[in-house]
Structure formats: structure tokens, C-alpha cells
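Order of the sequence lines fixes the chain letters, A, B, ..., with proteins taken first and strands second; residue numbering starts at 1 for each chain. These values consider heavy atoms only, across backbone and side chains, with no hydrogens, waters or symmetry-generated copies.
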Protein chains: 2
Amino acid sequence: MTDQNGSQSKRHRRVTAQTIADLAGVSRSAVSRAFSPGAYLSAEKRHRILKIAAEAGYQPNALAVGLKEGRSNLVAVFVGSMRNPYDAAFMGCLARSLNAIRKWPILIDGTDKSANSAVEELMRYPLDALILRGGSMAPEIVEHCARAGIPMISSGRPVSAPRVDNVCCRNAEGLREMTRLLIARGRSRFGFLGGPPEFYSSAQRRAGVLGALDEAGLRPIAEATGDYTVEVGAAAARRLLRENDLDALVCANDATAIGALSAARDLSLDVPGDVAVVGFDDIAMAEWPIFNLTTVRNPIEPAVGAIIRLLEKRLADPGKPGESISIDAVIIERGTH
Amino acid sequence: MTDQNGSQSKRHRRVTAQTIADLAGVSRSAVSRAFSPGAYLSAEKRHRILKIAAEAGYQPNALAVGLKEGRSNLVAVFVGSMRNPYDAAFMGCLARSLNAIRKWPILIDGTDKSANSAVEELMRYPLDALILRGGSMAPEIVEHCARAGIPMISSGRPVSAPRVDNVCCRNAEGLREMTRLLIARGRSRFGFLGGPPEFYSSAQRRAGVLGALDEAGLRPIAEATGDYTVEVGAAAARRLLRENDLDALVCANDATAIGALSAARDLSLDVPGDVAVVGFDDIAMAEWPIFNLTTVRNPIEPAVGAIIRLLEKRLADPGKPGESISIDAVIIERGTH
DNA sequence: GAAGCTAGTGAACACGTGTGCACATTCGCC
DNA sequence: GGCGAATGTGCACACGTGTTCACTAGCTTC
């Protein structure tokens with residue numbers, strides 16, 4: 001009979017609570033109550049209503065509920081760049097976790113400048129929250145969100161505004177620990193290959209390296225900045241390695257480090273014999289035998305877990321002050337140090 | 001004065017069309033009309049209303065509009081796995097394109113079985129469409145969508161149901177062409193390393209290889225299946241290359257091919273001297289100098305463009321029959337053949 | 001000046017839901 | 001039998017919007 005309906009050009013009438021009420025011979029209120037756990041309704045009637053609803057494929061309209069409750073269960077996620085393997089993996093984990101608690105992540109790819117105007121447009125929904133991952137966001141947008149009362153959770157780069165929650169990896173501590181390890185293994189001629197200087201993560205990681213070197217009475221022989229991609233990392237590393245006699249090259253992320261590995265190969269430098277190369281993040285590629293990269297893990301699951309916890313706390317108490325959670329980095333020793 | 005309001009524990013009253021109407025001394029209808037381009041409204045009044053609205057940060061509530069119009073501007077996107085670099089890149093491009101036309105992609109990560117129940121739950125929103133990328137979806141969900149009148153667009157694996165649109169790469173033709181090229185270059189002892197056998201793309205690509213070999217009176221010496229990941233690809237390739245004397249190994253995707261490259265390296269086989277290795281997709285990594293992989297490009301932007309076009313056509317005419325668009329694959333000659 | 005037409009405007013309805021409130025019914029107890 | 005309490009149910013409102021419909025004021029035309 002569905003096939004017979006297949007040719008319907010009439011407007012497909014959506015099945016609503018009233019439909020179910022008519023079918024079950026009860027009032028529309030009763031149908032609504034059948035779907036809200038705490039409500040007064042005789043067990044027999046509730047059971048009958050739910051059965052009929054299931055047969056008819058009825059579910060309460062989320063837009064109507066959202067309009068009524070002032071809460072949409074939608075969460076905007078502003079992600080730096082999907083081309084970055086770390087961000088992509090992070091996004092996947094975050095999406096799964098949000099799906100599990102029935103919050104729906106709306107993906108805004110933030111590479112383009114148009115992303116900011118997209119967020120502005122999205123504000124028309126009563127979003128449950130706005131989650132920032134990495135990428136920068138115009139300050140006026142942040143303020144606009146705050147004024148509209150949309151909770152914000154930032155991950156990877158702290159946002160200091162009244163009721164904004166933050167989740168951040170201990171970048172400096174991680175790379176400081178790693179640098180200490182390299183020094184203990186006898187390395188002394190250090191280079192640092194950073195990311196975009198305006199990135200918080202890159203600045204923090206650099207600070208960690210310099211801190212550890214300072215403790216040991218050392219200073220970096222050379223520095224350069226990349227853009228967190230493999231290609232630019234390789235080019236920058238080639239220059240650093242050719243023009244300086246380094247025995248350790250600390251990179252601000254794994255993609256850059258992987259670029260550095262191929263630069264070393266091009267220059268016939270043995271890793272780790274001639275020079276140690278380490279990264280940050282521990283993306284899936286770092287474990288591949290071809291790279292076997294020693295790195296500092298920027299753990300995704302604890303960070304996502306913290307975001308989910310903060311989100312639930314914030315929804316329970318919208319007025320509470322902002323909170324900051326730090327995630328410990330983990331040294332992963334493989335074959336390049 | 002905003003700061004003074006900062007300590008408000010009162011319910012943050014959302015600014016609504018009525019607020020603007022009161023401020024401007026007009027009726028609420030006038031405010032609504034000011035925001036709908038075609039409506040009758042004196043230019044002077046419209047201008048004043050829009051100015052006041054901008055100052056107050058008012059935008060029409062998307063939930064209310066959606067409820068009224070029966071269209072939410074939300075699009076569910078069901079993606080195979082974010083860990084797969086091709087899927088991640090595809091998703092990024094798709095998100096950007098959807099953002100640009102003011103459609104909001106809700107990301108459902110489909111690795112888990114719970115994804116199907118998530119889709120069911122999402123059905124409570126009057127979704128503009130459901131976009132499938134790769135990953136399989138339970139047939140009952142497909143039927144449920146059809147019954148609820150939610151348009152579906154599938155990419156990467158055709159879904160044959162009444163009003164479902166499809167976008168698919170010419171997998172077979174792409175790999176057939178590539179195999180012909182290898183044969184023309186003198187290769188004759190072929191191996192094929194596939195993906196999961198139940199994947200449409202893997203089966204199609206295999207068919208292309210076998211077709212080209214058949215034309216030349218050849219047959220593959222050995223075959224194996226992987227799961228489209230580097231790790232499993234490497235293990236399978238190692239076995240294939242050790243147990244057979246191949247001079248060409250055709251892989252069903254780039255990740256597998258990259259695994260094969262490292263297997264060849266382990267076995268001290270020269271690529272392309274001893275054996276040619278080719279992949280499919282042309283992910284960003286394929287271009288890296290370390291891999292420099294000859295492959296068949298599965299072009300993302302044309303595919304995403306086709307999805308967007310199909311979506312707009314479908315929204316304009318919900319009853320039209322399903323359409324299928326094929327995307328040409330492109331041979332990318334690099335250093336491994 | 002009357003009539004007809006046009007541009008502009010506000011009241012009212014519909015969209016689909018959750019829930020406060022008033023009411024109906026039943027039960028236990030004196 | 002009477003009465004308070006407890007339980008179940010339906011009406012009506014609110015959420016915020018777009019749009020139809022009736023209506024008014026202003027202008028043109030005879």
C-alpha cells in the first residue's frame with residue numbers, strides 16, 4: 001500500500017500527536033503525557049498510546065518541543081580544518097560522544113572567513129552550546145554568543161570570557177618533559193620548528209621546549225615556523241637541518257615532524273643516529289612503521305570526555321562561572337629519538 | 001549596562017519580534033514582513049525596523065520558522081569513519097558547501113552500530129535531507145526515511161529506492177584505465193588488494209582491474225582483501241608480495257597502497273623497479289614526496305557539487321524521480337608505476 | 001463629489017508541543 | 001450516606017513565526 005501512495009503528489013501530511021490521539025480515542029494531552037516519563041497517566045492508557053504511536057511511526061516534533069522548551073539539542077561545532085588529521089579524529093570522537101547523549105553536532109568548517117558569518121546565521125537556532133575546536137573566532141562573535149546566552153566551550157585555545165568553559169592540553173608541560181628526555185639521552189644542539197606563531201598551542205609548546213633547555217643551561221640553535229602541515233614542515237626542516245648542525249629537532253605537531261622526517265631523509269641524515277625528531281599530538285600516522293615517530297600524545301578521548309561533562313554541567317546550571325580543565329599530555333617513545 | 005545584567009539570575013528573556021515591534025511602534029506583522037523580501041511594507045518603515053532589529057541583535061527564531069514552514073534547514077550527514085582520511089576530507093568539503101547555502105550539516109559518525117538509532121532519533125526534526133557517505137545503513141532506516149518523506153542522497157554506494165538520488169564515482173572505469181596503463185608499460189604479473197568485500201566501491205574497483213586484465217588475456221596472480229586501512233593493507237601486501245612474484249600491485253584505495261609501499265620496503269623490493277604499486281582516491285598523503293603514489297583520483301569537489309545540486313533540485317521538487325550522477329575518475333601519474 | 005483602485009497595515013490563524021489548572025471520578029474512612 | 005483525599009483527564013495557554021484576510025487611507029478617474 002506504500003507503493004500506491006508512492007504516486008501521491010499531495011502534500012505529505014506529517015503524523016502528529018493529534019493523529020495518534022484520534023486513533024487511540026484519547027485527548028492530545030494524553031499522547032503528550034505518554035511520552036513524558038513523569039506525567040500522570042494510567043499505565044494501561046500509556047501502553048496503548050505508545051503502541052499505536054510506534055505502529056504509526058510517530059515521534060514528537062523536535063522543533064515544536066524546542067520552541068516550547070527554549071532548548072534545541074543542537075550544538076554548533078566550529079572546527080579548525082578537516083584536512084588536519086588531528087582535528088578530523090577529534091571531530092569524529094566528539095560527534096560520536098554527542099550523538100550518544102542525543103545532542104546533535106552541527107559542523108562549521110572554520111577555514112574560510114565565511115565561517116564567522118555562518119555562525120552568526122546559526123544563532124537563529126536556540127543552540128544548546130557552541131563548541132570551539134582550535135581555529136580562531138572573531139571576538140565580536142564570542143561576545144554576540146555571550147549576549148545571546150549561548151554557552152561556549154573552547155578546546156585547544158583558552159577563551160577568557162565570563163561564563164566560557166575551557167578544555168586544554170598541558171602543551172608546555174608535555175614538550176618540556178619530552179625535551180628533558182632528549183637532554184638526558186645526550187642531545188644538546190636543539191632546533192625548534194613551530195606552527196603559526198599566533199596559535200596558542202604553538203606558543204605554549206615552544207615555551208615548554210625553551211623552559212627545559214633553560215633548566216639545562218642550553219639555548220636553541222635555530223628556530224623556524226611552519227603552518228602545521230607536512231609540506232611546509234618539510235621545507236622549513238630542510239632549511240633548518242642544512243644550515244645548522246642539530247642533533248635534535250623538536251616539532252610543534254606531528255604533521256610538521258613527519259615533514260621533518262622526509263627532509264632528513266633527503267639530506268641523508270640518519271634518524272635518530274644523526275638527529276632526533278619528535279612531534280606532538282600522536283596522530284594515527286605517527287605509529288606507522290615508516291614513521292615510527294616519538295611524540296607527545298594530545299589525548300583525544302579525555303578531552304572529549306571533559307567537553308561532554310562541562311556541557312552537561314553548564315546545561316544544568318547556565319549561570320555558573322566558567323571552568324577550566326587541563327588534560328595531561330603523555331610521552332610516547334618510539335623510534336625517532 | 002550589559003555588565004550589570006551579567007549578574008541576572010532571572011530567565012534570560014529572548015528578544016523576539018514583539019520586542020522589536022514595541023520598540024519601533026509597529027505591529028509584529030510589520031516586523032515579520034521586514035524580514036521577508038517580497039512582502040508589502042513601506043520602504044521607510046522597513047528600513048527603520050531593520051535598523052532597530054540590528055541594534056537589538058534580533059533574528060527570527062529558526063525553530064519557529066521551521067515549525068511554520070515544515071522545513072528546518074538541517075541536513076543529517078551519515079559519514080563512514082572520520083579516521084579515514086578520504087572521508088574526513090570529503091566531510092570537510094561537504095560541510096563548507098552546505099554552510100555556504102545556509103544548510104546545516106548534523107554529523108552522525110557511522111562506525112558504531114548506535115548510529116542507526118541516532119538517525120532514528122534525529123527523524124524527530126523535519127530534516128531537509130539525509131546524506132549518506134560511504135558507510136552502510138540498515139535498510140529499515142532507509143525505508144523509514146522514505147515513509148517520513150525525508151529526501152535521501154547517497155554518495156559512494158548507490159541506494160536503489162524510489163526517490164533516492166545517487167552520486168557515484170566511476171570506480172570500475174578508473175581502475176580499468178589505470179590497469180591498462182600498467183599493462184601498456186609492460187607489467188603482466190598482477191596482484192589485487194581489495195577493501196572489505198561487502199563494500200560496493202571495492203567490488204567495483206576489482207571489476208575494473210579484472211576487466212582490463214581480461215582484455216589483455218591476463219588474470220591476476222593473487223588477490224587479498226583488506227579493510228581500507230594502512231595497517232591491514234601493509235600486512236596483506238606483505239603476504240601477497242612474499243608469496244608471489246608480482247610486478248604490479250593494484251590496491252583498492254590509497255591507504256591500502258601506502259601500507260603496500262611500506263611492505264615493499266620491508267621486503268627490499270624496489271618500487272617501481274621491481275613492482276608497481278597504485279591506489280585509489282588521491283588523498284593528500286599520496287602526493288607527499290615519501291610516497292609519491294601513482295593513483296586514481298576520486299574527485300571530491302565535483303562529487304560534493306553534484307550533491308548540492310541534487311539537494312537543491314530535490315527541495316524544489318520533492319516528488320521528482322531519483323537521479324544518478326556519475327563522477328569521472330582521473331589518472332594521476334606519479335612515481336610508483 | 002462619488003466611485004474605484006492601490007498600497008499599506010494589523011488582527012487572527014496555523015504550525016505541534018508541554019503543562020498548569022480546573023474538573024471528574026474513584027476510594028477509603030467516619 | 002457523606003466527605004476529604006487521591007488519582008486521572010481534558011481544556012486552554014504559551015512558545016515565535018509567516019501569511020491570509022479584512023480593512024483603512026490615499027489617489028485617480030469620471
- Taking only the side-chain heavy atoms of B/Y58 (C-beta and beyond), determine which of C/dT17, D/dG10, D/dT17 contains the nearest atom. D/dT17
- Item | Nearest listed nucleotide, side chain of A/N61, among D/dG10, C/dT17, D/dT17 |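 The listed nucleotide nearest to A/N61's side chain is C/dT17.
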- Task: Answer yes or no on whether B/R157 is positioned over the face of B/F199, meaning its NZ or CZ is under 6.0 Å from the six-membered ring centre and within 45° of the axis.
- Result: yes
- Query: Looking at B/Y40, is B/R33 sitting on its ring face, NZ or CZ under 6.0 Å from the six-membered ring centre and within 45 degrees of the normal?
  - Reply: no
- Message: Looking at the base of D/dG8, is there any donor atom on it, or on the side chain of A/R33, that sits under 3.5 Å from an acceptor on the other one?
- Response: no
We want to know whether [X] and [Y] form a side-chain donor-acceptor pair, criterion being a heavy-atom distance below 3.5 angstrom.
| X | Y | answer |
| --- | --- | --- |
| A/S117 | B/R102 | yes |
| B/E120 | B/N116 | no |
| A/R28 | A/T19 | no |

At under 4.0 Å between heavy atoms, what does [X] touch on the DNA or RNA strands: base, sugar-phosphate, or nothing?
| X | result |
| --- | --- |
| A/S42 | sugar-phosphate |
| B/L63 | nothing |
| A/S32 | base |

Rounded to the nearest Å, what distance is computed from the [atom1] atom of residue [X] to the [atom2] atom of nucleotide [N]?
| X | N | atom1 | atom2 | result |
| --- | --- | --- | --- | --- |
| A/R71 | C/dT19 | CZ | P | 12 Å |
| A/I49 | D/dG10 | CD1 | P | 9 Å |
| A/E69 | C/dG16 | CD | P | 17 Å |
| A/Q18 | C/dA14 | CD | C1' | 14 Å |
| A/L67 | C/dT17 | CG | P | 12 Å |
| B/L41 | C/dT6 | CG | C1' | 16 Å |
| A/Y125 | D/dG16 | OH | P | 17 Å |
| B/Q59 | D/dG16 | CD | P | 15 Å |

- Message: If you compare every side-chain N and O of B/Y40 against the phosphate oxygens of C/dG8 (OP1, OP2), does one of them come in below 4.0 Å?
- Response: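 Indeed not, no polar side-chain atom of B/Y40 lies that close.
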- Task: Report yes if at least one side-chain N or O of A/K45 is closer than 4.0 Å to OP1 or OP2 of D/dT9; otherwise report no.
- Result: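 Indeed, a polar side-chain atom of A/K45 lies that close.
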- Task: Could you list by number each residue of residues 21-31 of chain A showing a heavy-atom separation from DNA chain C of less than 4.0 Å, or answer none if no residue does?
- Result: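 By residue number: A/R28, A/S29.
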- Message: I need the B/I20 CD1 to B/Y58 OH distance, nearest 0.5 Å.
- Response: 7.5 Å
- Query: Can you name the one residue among A/V75, A/L122, A/V77, A/I131 that meets side chain to side chain contact (heavy atoms under 4.5 Å, CB included) with A/I106?
  - Reply: A/L122
